[in-house]
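Reviewing the structure listed below.
Note that the structure is a prediction, hence the values are computed from the model and not measured. Each chain gets a letter, A, B and so on, in the order the sequences are listed, and its residues count up from 1.
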Amino acid sequence: MKIEVSDNPLNPWEELQRYEQAQIGALNSGKVGAVATFVGTMRDFNEGDGVTGMELEHYPGMTENHLQQLAEEATDKWGLLDALIIHRVGRLLPNDPIVLVAVWSSHRKESFEACRWLMEALKSKAPFWKKEILESGDSRWVEKNTAGY
Amino acid sequence: MKIEVSDNPLNPWEELQRYEQAQIGALNSGKVGAVATFVGTMRDFNEGDGVTGMELEHYPGMTENHLQQLAEEATDKWGLLDALIIHRVGRLLPNDPIVLVAVWSSHRKESFEACRWLMEALKSKAPFWKKEILESGDSRWVEKNTAGY
Amino acid sequence: MTVSVKFFASLREQMGCDGATVEIGEVATVADIWLQASGGKAMPPNILVSINQEYCGTNDPVSSGDEVAFFPPVTGG
Amino acid sequence: MTVSVKFFASLREQMGCDGATVEIGEVATVADIWLQASGGKAMPPNILVSINQEYCGTNDPVSSGDEVAFFPPVTGG
C-alpha cells in the first residue's frame with residue numbers, strides 16, 4: 001500500500017507501472033484478477049467560468065494519515081490485495097492529473113466498488129482545498145464537492 | 001476511440017500513456033475531469049483448481065465490431081469524451097493482463113458507471129472464449145462468466 | 001442457396017471442425033442451417049447464434065451468402 | 001494549558017493567519033478554543049474541526065499540548 005501527497009507533476013500511468021514493478025512479489029502472485037483505477041484531472045471550466053489554474057492546499061500529516069485510514073478501511077471491507085493513492089498539491093494547470101486511486105483485487109466487482117468508494121471518501125473527507133484562478137484573473141475557493149453517486 | 005484485439009502482450013499502463021499522447025488534441029482540451037480504467041488479469045486459480053495457462057479465442061471481425069458498438073453505446077449514454085478497449089487473445093500465463101477498458105469523461109460519476117458497464121457488457125456479450133490449462137495438464141473451457149454487479 | 005457456417009470454442013471441438021459450407025433451399029432459418037451443418041444433432045442449450053456477425057435468434061431467416069455462426073456462452077474479459 | 005491552533009484554506013485567509021498558540025484554563029472544548037483563537041468571532045457554519053489530526057466535534061474536550069485545527073469543507077480529488 002502506498003499513500004503519497006506531492007507537489008511534483010503526476011503521471012498516473014508511469015506511477016502505476018513503477019508501483020507494480022516495485023510490488024512485483026505481491027502483485028505478481030497469480031492472485032490479482034482485477035485492477036480498477038481512477039484519475040481525476042483538472043478541467044478548464046467550473047460552474048460556468050473558465051479556469052486557468054488551481055492551488056491545492058492540504059493539512060500535512062492529517063491528510064496522509066486520513067488517506068491511509070481510508071485505504072485500510074477499503075482493503076478490509078473488500079479484501080483488496082493492494083491500494084495506491086497519490087494526490088497532487090501546489091499549483092496546477094488545466095489537464096494536469098490531480099489524483100490517482102488504484103486498487104488490486106482478485107475479483108472485478110470488489111475492485112470497482114472499492115475504487116469508487118475510495119474516491120468518494122477521499123473527496124468528502126480528506127483535508128484538501130482547491131482555489132481556482134479564473135480567466136478574469138480573480139481567484140476563488142471551491143466551496144463544496146458535488147456528490148458522486 | 002480505439003478498439004483492439006491482439007495476441008501481443010498487453011502492458012496497460014504503456015498503452016494508456018501512448019493513447020493519451022496520440023489523442024493529445026482531444027484529451028488535452030481541458031474538458032477531461034475523470035479517467036476510469038479497468039484491467040483484468042489472469043489468475044492462477046479458478047473454481048478450486050490451479051491454472052497454469054490460458055488460450056483465448058475470439059471471432060475475428062464480429063468481436064471487434066461488437067466491442068466498437070459497446071464503446072459507442074457507452075459514449076452516447078454517458079457523454080464520454082473517449083474510450084479505449086484492448087483485449088488479448090492467444091496464449092496467456094498467470095499475471096498477464098487480459099483486458100484494458102478506459103473511459104475519459106468530464107465527471108467522475110459518468111466515468112465510473114461507463115467503465116463498469118463496458119466491462120460487464122464485454123464479459124456477457126463480446127465473443128471471446130477462455131480455455132484453461134490446469135496444473136494436472138488437462139485443459140477445460142470456461143463455461144460461463146460470473147455476474148459482476 | 002449457399003450459406004457459410006462457423007463454429008467456435010468448445011462447439012468447434014465437439015463438431016470436429018471450425019466451419020462448413022451448407023447448401024440448402026431458398027427458405028431456411030438458423031435452426032435449419034444448424035440441422036444440416038451438424039448432421040441432425042440436437043442444438044445444445046444456451047448456444048449463441050449470429051448472422052453476418054450480429055447476434056440473432058435461432059428462428060431468424062437466413063439469406064444466400066450469409067455467414068452463420070454457432071458458439072457457446074462467451075467468457076472474455 | 002497551551003493548545004496549538006491551525007486554520008486552513010479560506011478560513012486561514014479570513015483569519016489572516018495560519019495558526020496561533022492559545023493559553024486557556026484546564027477545562028476547555030474545541031468551541032472554547034475557537035472563541036479565544038478567533039477573538040470572539042461566531043464559528044462559521046459547516047466548519048470542520050480536528051484534534052491531533054483526527055476529526056472531532058466542536059464540543060469535544062481539549063487537552064494540554066493538543067493541536068486543534070479549523071477548516072472549511074474539503075474539496076480535494
Side-chain angles (χ1 to χ4, degrees), chain B residues 3 5-6 10 38-43 46-47 51 54-70 85-90 92 97-101 115-132 139-148, chain C residues 1-22 28-38 41-77:
Chain B
I3 305 297
V5 177
S6 165
L10 167 58
F38 178 87
V39 177
T41 58
M42 197 196 140
R43 292 190 306 254
N46 194 26
E47 299 190 4
V51 181
M54 186 179 274
E55 291 274 359
L56 250 159
E57 183 174 333
H58 77 307
Y59 184 167
M62 180 169 175
T63 305
E64 292 84 348
N65 290 341
H66 198 77
L67 293 177
Q68 180 79 28
Q69 286 171 27
L70 294 178
I85 303 175
I86 303 179
H87 202 296
R88 275 295 308 277
V89 288
L92 282 85
I98 301 170
V99 59
L100 165 64
V101 170
C115 185
R116 191 170 182 184
W117 179 87
L118 265 177
M119 263 311 295
E120 297 309 313
L122 180 158
K123 288 189 80 96
S124 64
K125 294 302 244 10
F128 291 102
W129 302 276
K130 283 176 182 155
K131 186 181 208 171
E132 294 173 335
S139 65
R140 68 179 176 202
W141 291 96
V142 178
E143 292 193 351
K144 199 170 180 297
N145 274 331
T146 52
Chain C
M1 65 179 176
T2 304
V3 171
S4 163
V5 175
K6 285 170 176 279
F7 301 116
F8 289 97
S10 56
L11 195 61
R12 173 174 50 71
E13 291 187 351
Q14 285 160 35
M15 306 304 285
C17 73
D18 57 9
T21 300
V22 165
T29 66
V30 168
D32 297 328
I33 301 293
W34 166 267
L35 275 179
Q36 184 147 341
S38 69
K41 286 197 182 78
M43 200 184 291
N46 299 327
I47 204 169
L48 297 172
V49 291
S50 66
I51 299 175
N52 297 330
Q53 308 193 354
E54 294 284 347
Y55 282 107
C56 67
T58 52
N59 293 321
D60 285 8
V62 175
S63 302
S64 185
D66 279 354
E67 176 177 297
V68 178
F70 300 92
F71 45 84
V74 303
T75 56

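In this structure, B/Trp141 and C/Pro73 have side chains that are not in contact, with every pair of non-hydrogen atoms separated by 4.5 Å or more. Between B/Glu57 and C/Phe71 the shortest side-chain heavy-atom distance does not fall below 4.5 Å. Inter-residue side-chain proximity for B/Trp129 and C/Ser10 is flagged as unmet; no heavy-atom pair is nearer than 4.5 Å.
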task = Go through the steps to decide whether B/Met62 and C/Glu67 satisfy the test side-chain contact (heavy atoms from CB on, under 4.5 Å), and finish with yes or no.
result = CA-CA 11 Å; B/Met62 180 169 175; C/Glu67 176 177 297; over 6 Å; no
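When all heavy atoms of C/Phe8 and B/Pro60 are compared, the closest pair comes out as CE2-CD, 4.4 Å. A pairwise comparison of heavy atoms in B/Asn145 and C/Val74 identifies ND2-O, 3.6 Å as the closest pair. Nearest approach of C/Gln53 to B/Asn65, heavy atoms of both residues: OE1-ND2, 3.7 Å.
When C/Ser50, C/Ala9, C/Pro72 are compared by the number of non-hydrogen pairs under 4.5 Å with chain B, C/Ala9 comes out ahead.
When heavy atoms are compared at a cutoff of 4.5 Å, B/Lys123 approaches chain C by way of both its backbone and its side chain. B/Gln69 touches chain C through its side chain: at least one heavy atom from C-beta onward sits under 4.5 Å away, while N, CA, C and O do not. Residue B/His66 touches chain C through its side chain alone, counting heavy-atom pairs closer than 4.5 Å. For a residue to count as touching a neighbouring chain, one of its non-hydrogen atoms must lie under 4.5 Å from one of that chain's; by this rule B/Thr146 does not touch chain C.
Under a 3.5 Å cut-off, the side chain of B/Tyr59 and the backbone N or O of C/Ala69 do not form any donor-acceptor pair.
More than 12 heavy-atom neighbours from other residues, nucleotides or ligands sit within 6.0 angstrom of CD on C/Glu13.
We find the CG-NZ distance between C/Leu48 and B/Lys125 to be 9.0 Å, quoted to the nearest 0.5 Å.
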